[in-house]
Amino acid sequence: MTLPTHAGVVVIGGGIIGCSTAYHLARDHKADVVLLEQGKLTSGSTWHAAGLVGQLRSSASITRVLKYSVDLYKGLEAETGLATGWKMTGCLRLATNADRWTEYKRLATTAKSFGMDMQLLSPAEVKAMWPLLETGDLVGASWLPTDGQASPSDITQSLAKGARMHGAKLFEDVRVTGFEMKDGRITAVKTSKGDIACEKVVNCAGQWARQVGALAGINVPLQPVKHQYIITEKIDGLATDAPTIRDPDRRTYFKEEVGGLVMGGYEPNPQAWTMGDVPNDWEFRLFDDDYDHFEQHMTQAIARVPALETVGVKQMINGPESFTPDGNFILGTAPECANMFVGAGFNAFGIASGGGAGWVLAQWVVDGEAPLDLWVVDIRRFSNLHRDRQWVCDRTLEAYGKHYTIGFPHEEYASGRPRIVSPLYERLRQQRAVFGSKLGWERPNWFAPEGIEPQDVYSMGRQNWFAAVGDEHRHVREKVGIFDQSSFAKYELTGSDALKALDWICANDVSKPVGRLTYTQLLNTRGGIEADLTVARLAEEKFYIVTGTGFRTHDFSWISDHIGEGLDATLADVTEDFGTLSLMGPRARDVLADVTDADVSNAGFPFGHVREIAIAGHTVRALRVTYVGELGWELHVPIAATGEVFDALMAAGKKHDIRPVGYRALESLRLEKGYRAWGSDITPNDTPQEAGLGWAVKLRKNTDFVGRRALEKTNGTALKKRFAGFTVDDPEIVLLGRETILRNGEPVGYLTSGGYGYTVGRNIGYGYVRNADGVSDDFLASGDYELVVAMERTPAQIHLGPLYDPSMSKIKA
Ligand SMILES: Cc1cc2nc3c(=O)[nH]c(=O)nc-3n(C[C@H](O)[C@H](O)[C@H](O)COP(=O)(O)OP(=O)(O)OC[C@H]3O[C@@H](n4cnc5c(N)ncnc54)[C@H](O)[C@@H]3O)c2cc1C
């Protein structure tokens, strides 16, 4: 077959991800697809994968993606005639201590929330299922019967055949060597056998994806890491349908294979492979066996399966796999180039993800937007920081080393820090700030009082910061606090068509007079919420846009991708130009009045307005907004003046007992006030109406905007899910999110966020209540609610409005 000169979509890479993407593009979308593989299909990481297929993740959407893989692998042979080796053996996860057991109880509840049946088993039950296991040290195990294992190469060949059957053209021994680009878009793919003009490109080049991306100026932050497992000779008494085992306290996993065992693990001292380019001819290749490094797994595995002590090892597999700095894979439209899509960095669960990742990626390629909430894997979660290879490598190795450690709530990474600091970093450190990191920025989480070590001590119950954060919270409610939010992402949109562009992009009405603020969502074509931000009109043709730290790349590219053709509107990222100080609390006005001559009275500077005011000789953009439910201002200060303005506020605030406050108190304050957090409470899966944010949508205005058509269709019809708040009185309960919501004893949803409200003195959770026949006010009010927390039912009260100051009187004073 000769290489075509044109294709609709060129998929680069013939591993499981490329083949699955090509299959779905051809099957679901009848796309004109060409797949190019530099060697033979499967010859990268895919051929040597162990083939364990797990499904449960902490994101509902990613769990759905993995469940889809399983469904696909079950049925693919019937379509293509090529078996996938799928065996539904189930998976046992072993627990040897109380914290791990709590983790599993929470996991089992998450599974139920996501519609999966995970059970907890006793050591005796585990022994009965897997007699060769040593179970003396077990507290128990979790059991997910629908997990299993498959043959990575067979699935990939089956997907490749299916892709061809649906019309895709697959070529081996064709290497992509570059791209032709015009106006920031790829127009043709250059290969070792000629050029192919194309509309879209999907980079599924596995550990080569970084260098393939770089050919078009695109950053794919992944790091190849060596990953090892052994395959043993036959073991007497090992059943061919033995469940796969994950033994995280011993950092190892097991899978039956032709009567023997596959055994591998995640060591705390992983070995990165090259920091340079991965060789192009790395085809069906492995590293030398490294038994010295592997011994740590061997010792642990023998203690768990004593039969391993005497059985022979048939083969060691020591192969490279691409890992990422947060352990999640990378999907979606490259922010640097709107027609390159990426599916890479699969962190040793590419076989489990392959089917589903190909499904959603194909849809993304065709529609130009993700078909569901894929934020945790979205390539736009990264920033320029992730162009630093050493940083990416260090953080990736840390994430790899944590693969099997207990996932404590609120845990922070330690590597590569501090990386980006605000001008207040040293000042806050001296005030005993305990920092967390977000997109590389150090941000104060809490301030340790004298006598308490300024450091997080993680546990499954209340952690060491709980009381201190309560003090910070009350301080903001009763006096005044100052938050360093300099890491906020900030953009300016300027030009004669800036308003026109925003009218189309924003769901809320931003066509307000100069000096006004608008809180708005940005919607996708399904009406789902893609972003949630504040737009300030600084001048007729100039808008200032503020959004969350982590959403910097995502929101920037969403906005710039949706500025209409030919409009005079220029978007600039000005994040580093401004420090942001949020002055919040009933005494905020007293403090501000002391440092500026501007009129900051309610009449002179009402809620929802932006003004330029002078503080300590510097011009400051003051936005009268709040995320905490108190009177307050967000002060955007020229970055170099942040320290001076902070000092002035602290000095003036002394008599009002001002103090710095951290992000954990902010979270507690916003939970009481019911402000939705993007990424958890509101996502691309949720519409403003479902989220209770219909008031912020300009449906009554005659202006078209992205998502309008979808919202019009559902407007006035019964909503099938609705956002609601819940409180739980029991002080022993810890809410984190993903707990199941029961209405009259039946599951109706799960929490999207959870925490503690110190003013209301109760646990607070938010989530969507679902009902196929519609969720009316009556339906919500008439039920008896409980939450399932770590498998225990606890009574809960439902709330449809803010828990704190429902009349907004504190904010608008
Ligand atoms: C030891 C080990 C055990 C594992 N065990 C499991 C497991 O139990 N379960 C699980 O789910 N996952 C497991 N994995 C992970 C799994 O193997 C990977 O996640 C998966 O194979 C990744 O598939 P891919 O298609 O992204 O990459 P690859 O299979 O590497 O495919 C990428 C392809 O792109 C091609 N390519 C690169 N550059 C170019 C170019 N310029 N032009 C054309 N083609 C190009 C390459 O030749 C390659 O074939 C394991 C990995 C390892 C290393």
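We count ligands from 1, going down the list as the structure has it; atoms in each ligand are counted the same way.
- Less than 4.0 angstrom separates some heavy atom of Gly319 from each of these atoms of ligand 1: 53 (C).
- Counting protein heavy atoms only, atom 41 (N) of ligand 1 is closest to Val176 O, 3.1 Å.
- Within the listing of ligand 1, atoms 32 (C), 34 (O), 37 (C), 38 (N) sit less than 4.0 angstrom from a heavy atom of Ala205.
- For atom 46 (C) of ligand 1, the choice among Trp208, Phe171, Phe346 with the nearest heavy atom turns out to be Trp208.
- Considering backbone and side-chain N/O of Ile317, none are found under 3.5 Å from N/O of ligand 1.
- Across the listed options His48, Lys40, Gln228, Gln211, His48 owns the non-hydrogen atom lying nearest to atom 52 (C) of ligand 1.
- We find that Glu321 and Lys226 are not joined by a salt bridge, their nearest charged nitrogen and carboxylate oxygen being 4.0 Å or further apart.
- Under the ring pair (Phe, Tyr, Trp, His ring centres under 6.0 Å) test applied with His227, the options Phe349, Trp273, Tyr266, Phe287 reduce to a single match, Tyr266.
- With a 4.0 Å heavy-atom cut-off, ligand 1 is reached by no atom of Thr42.
- Side chain of Gln300 to main chain of Arg250: no donor-acceptor pair is present (N/O by atom type, distance under 3.5 Å, no hydrogens or angles).
- In this structure, NE2 on His48 lies 8.0 Å from OH on Tyr229, to the nearest 0.5 angstrom.
- For Phe323 against Ala348, the heavy-atom pair with the smallest separation is CZ-CB, 3.8 Å.
- The closest protein non-hydrogen atom to atom 23 (O) of ligand 1 is Thr46 OG1, 3.4 Å.
- Remark: ligand 1 atoms within the under-4.0 Å shell around heavy atoms of Gly44 are 30 (O), 48 (C), 49 (O).
- Between the side chain of Gln363 and the backbone N or O of Ala370, no donor-acceptor pair lies under 3.5 Å.
- In terms of protein heavy atoms, atom 19 (O) of ligand 1 is closest to Glu321 OE2, 2.6 Å.
- Close approach of ligand 1 to Ile16 (heavy-atom distance below 4.0 Å) involves ligand atoms 23 (O), 25 (O).
- Contact annotation for Ile12 and ligand 1: only side-chain heavy atoms (C-beta onward) come within less than 4.0 Å of the ligand.
- Note on ligand 1: Gly51 sits in its first shell, one or more heavy atoms being nearer than 4.0 Å.
- The shortest contact between atom 30 (O) of ligand 1 and any protein heavy atom is with Ser45 N, 2.8 Å.
- Of all the heavy atoms of Pro320, the ones lying under 4.0 Å from any atom of ligand 1 belong exclusively to the backbone.
- Considering backbone and side-chain atoms alike, Val212 places every N or O at 3.5 Å or more from each N or O of ligand 1.
- Side-chain contact check for Ser158 and Thr80: at least one donor-acceptor pair (N or O, by modelled atom type) lies under 3.5 Å.
- Distance alone, capped at 3.5 Å, is enough to place a donor-acceptor pair between the Gln211 side chain and the Val278 backbone.
- At a heavy-atom cutoff of 4.0 Å, ligand 1 is contacted by no atom of Trp47, backbone or side chain.
- Between Phe294 and His297, the ring center distance clears the sub-6.0 Å criterion.
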Is there a salt bridge (Lys or Arg N to Asp or Glu O under 4.0 Å) between Asp117 and Lys112 once you walk through the steps?
CA-CA 6 Å; Asp117 189 23; Lys112 285 250 161 55; 3.7 Å; yes
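- Residue Gly350 has at least one N or O atom closer than 3.5 Å to an N or O atom of ligand 1.
- Put simply, the side chain of Arg304 never gets that close to the backbone of Asp247: no donor and acceptor are under 3.5 Å apart.
- Under the 3.5 Å distance criterion, the side-chain polar atoms of Glu77 are left unmatched by any main-chain donor or acceptor of Lys74.
- Set against the non-hydrogen atoms of Ile17, the atoms of ligand 1 under 4.0 Å away are 23 (O), 24 (P), 25 (O), 26 (O).
- Below 4.0 Å from some heavy atom of Cys204 lie the following atoms of ligand 1, by number and element: 32 (C), 34 (O).
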Does the salt bridge (Lys or Arg N to Asp or Glu O under 4.0 Å) test come out yes or no for Arg395 and Glu398, once each step is laid out?
CA-CA 5 Å; Arg395 180 58 63 87; Glu398 186 188 4; 3.7 Å; yes
With salt bridge (Lys or Arg N to Asp or Glu O under 4.0 Å) as the test, would you mind laying out the steps for Glu257 and Lys255 before giving the verdict?
CA-CA 6 Å; Glu257 191 165 295; Lys255 175 198 129 181; 3.0 Å; yes
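- The distance from ligand 1 to the heavy atoms of Leu36 drops below 4.0 Å at these ligand atoms: 43 (C), 44 (N).
- Near Ala50, meaning under 4.0 Å from one of its heavy atoms, ligand 1 places the atoms 3 (C), 4 (C), 5 (N), 6 (C), 7 (C), 8 (O).
- The shortest separation from a heavy atom of Val278 to ligand 1 is not under 4.0 Å, leaving the residue out of contact.
- In terms of protein heavy atoms, atom 44 (N) of ligand 1 is closest to Gln38 N, 3.0 Å.
- For the side-chain contact (heavy atoms from CB on, under 4.5 Å) with Arg246, the lone residue among Leu94, Leu92, Thr252, Leu52 that qualifies is Leu52.
- Of the protein's non-hydrogen atoms, the one nearest atom 33 (C) of ligand 1 is Glu37 OE1, 3.5 Å.
- From the protein, the heavy atom lying nearest to atom 34 (O) of ligand 1 is Gly13 CA, 3.2 Å.
- Nearest protein heavy-atom neighbour of atom 31 (O) of ligand 1: Gly15 CA, 3.4 Å.
- Between Cys204 and Val11, the shortest heavy-atom distance links the atoms SG-CG1, 4.2 Å.
- Closest to atom 12 (N) of ligand 1 by heavy atom, among Ser322, Gly358, Ala348, is Ala348.
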